[in-house]
Amino acid sequence: MSSLIEQAKQKAAYQAVDEHVLPTHRVIGVGSGSTVVHVVARLLQRDPELNAKTVFIPTSFQSRGLLLDGGLTVGDVEQYPDIDVTIDGADEVDAQLNAIKGGGAAHLQEKVVAEAAKKFVIVADYRKDSKVLGEQWLKGVPVEVVPFAWKAVLKKLQEQGSKDAKLRMAVAKAGPVVTDNGNFIIDAPFGLIHDPVKCLRDIKLITGVVEVGLFCNMAEVAYFGCEDGSVTIRTK
Ligand SMILES: O=C[C@H](O)[C@H](O)[C@H](O)COP(=O)(O)O
C-alpha cells in the first residue's frame, strides 16, 4: 500500500483521537481494520495514567489483539453498555455520513459497539469519501448470515436486485470466510445506493441475516485523510 494512503489514514486517526477522546472519558469503543491501527497507536501515546483509568471495548479479534498488545484494559458491551465514544474505520462514507462497513467481516460487533456509544466517529482516507454509497466501494454491501441459510439469503438478495451477490471466500483456507461470530459473509453489490436506509431495511428483513454492513444515521462526524496531507472533517 502506498505510503500516501497510510499517511492519510494516520492523520485522520490521530486528529479524531485528539479531538474526541477526552480525559473525562472512561469507556472507549475501538473499531477494526487497518485505519484503526493508527487509532490505537495514538491512544497509546496518551498519558499512561489516563489510559490506566480507561476501559477499551474492541470490535473484533483484530482490535482486541491491538489493545491487549498495547497493554490496555479491554472490556465488552455486557460489562460496559454505555460507551463514551467509539472510533472506527469505514469502506465508504456518503455525503450524509452513511457508511458501508464490513470489508474485514467485523461489522456485527462494530455496529453494536457504535450504537452503544454516545458518539460514533469515522476515520478514513480519501478513497472512501463519496457522495453516494456504491461510487467507490464496488464489492457490495457485506451481509453477515447464519451459515445454514446462506444459499436462501443469497437467492433473496439476488431477487432484491443484487444479481452479482456472492459468498465471500477465504484466501488462505478452503471454503468461505468465517466471521468472529462463526457466521458467513455475502457481498451484495446494488450499484449506487441512493436510499441506504431502505436498502438496509430490505436486507435486514431477510430471515437468516444477522447484520448488514450499512451504518445509516449513526456517525456524528467523519475524518478523511487527504492526498495533500490535510484532513477533511464532515459533520452531520
Ligand atoms: O470489517 C471491517 C471494518 O468495517 C473496517 O472498519 C472497514 O473495512 C475499513 O477498514 P480499513 O480501515 O482497513 O479500510
Side-chain angles (χ1 to χ4, degrees), residues 1-17 28-43 56-67 85-94 97-117 120-130 133-145 168-171 176-189 193 196 200 203 209-216 218-219 221-227 231:
M1 178 171 300
S2 99
S3 64
L4 207 60
I5 294 171
E6 216 47 48
Q7 267 175 38
K9 290 180 185 188
Q10 188 192 52
K11 288 233 171 183
Y14 276 29
Q15 195 169 330
V17 169
I28 311 294
V30 177
S32 306
S34 58
T35 316
V36 164
V37 171
H38 300 290
V39 169
V40 176
R42 191 56 161 176
L43 289 170
F56 298 87
I57 315 298
T59 52
S60 62
F61 178 90
Q62 180 236 0
S63 69
R64 185 177 149 83
L66 288 173
L67 295 168
V85 61
T86 291
I87 304 186
D88 200 349
D91 298 304
E92 189 173 23
V93 185
D94 75 9
L97 297 186
N98 301 303
I100 293 179
K101 289 183 52 52
H107 59 279
L108 169 60
Q109 291 186 39
E110 289 176 338
K111 203 180 258 192
V112 172
V113 172
E115 282 182 357
F120 177 47
V121 178
I122 289 179
V123 288
D125 61 76
Y126 51 90
R127 300 168 306 162
K128 320 288 187 63
D129 186 359
S130 288
L133 295 180
E135 267 174 17
Q136 329 261 0
W137 182 258
L138 306 177
K139 294 180 185 169
V141 176
V143 182
E144 181 158 352
V145 297
R168 191 182 297 179
M169 301 307 283
V171 177
V177 165
V178 178
T179 70
D180 288 355
N181 318 297
N183 296 314
F184 293 169
I185 298 284
I186 293 173
D187 290 300
I193 304 175
L200 165 61
I203 299 173
V209 168
V210 180
E211 194 45 78
V212 184
L214 281 169
F215 286 41
C216 299
M218 290 179 64
V221 58
Y223 285 68
F224 297 99
C226 305
E227 272 178 289
V231 175

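Keep in mind the model is a prediction, meaning the values are calculated, not measured. In listed order, ligands and their atoms are each counted from 1.
Close N/O approach between V36 and ligand 1 is not found [any backbone or side-chain N/O within under 3.5 Å]. In terms of N/O distances under 3.5 Å, ligand 1 is not approached by G33. Residue contacts with ligand 1: D91 is placed with a nitrogen or oxygen under 3.5 Å of a nitrogen or oxygen of the ligand (distance criterion only).
Those atoms of ligand 1 with a heavy atom of T35 less than 4.0 angstrom away are 11 (P), 12 (O). The contact set between ligand 1 and A105, taken as ligand atoms under 4.0 Å from a residue heavy atom, comprises 1 (O). With ligand atoms numbered from 1 in the order given, ligand 1 contributes 1 (O), 2 (C), 8 (O) to contacts under 4.0 Å with heavy atoms of G104. For ligand 1, the atoms closer than 4.0 angstrom to any heavy atom of D88 are 6 (O).
In this structure, atom 4 (O) of ligand 1 lies nearest to the protein heavy atom E110 OE1, 2.7 Å. Scanning the protein for heavy atoms near atom 14 (O) of ligand 1, the closest one is K128 NZ, 2.8 Å. For atom 5 (C) of ligand 1, the nearest protein heavy atom (residue, atom name, distance) is S32 O, 3.2 Å.
A 6.0 Å sphere centred on CZ of R168 holds more than 12 heavy atoms belonging to other residues, nucleotides or ligands. Heavy atoms from other residues, nucleotides or ligands lying under 6.0 Å from NZ of K11 number 12 at most.
Residues V30 and L43 meet the side-chain proximity criterion, which asks for heavy atoms closer than 4.5 Å. Within the 4.5 Å cutoff, side-chain heavy atoms of E6 are placed close to those of H38.
A pairwise comparison of heavy atoms in M218 and A114 identifies CE-CB, 3.6 Å as the closest pair. The two residues V123 and A12 have their closest heavy-atom pair at CG1-O, 3.7 Å.
Under a 4.0 angstrom heavy-atom cut-off, K9 registers as lying outside contact with ligand 1.
Annotation: cation-pi pair K128/F224 absent, no NZ/CZ under 6.0 Å from the ring centroid and within 45° of its normal.
With values rounded to the nearest 0.5 angstrom, Q109 atom CD is found 5.5 Å from D180 atom CG.
Comparing A90, S34, G89 by heavy-atom distance to atom 11 (P) of ligand 1, the nearest is S34.
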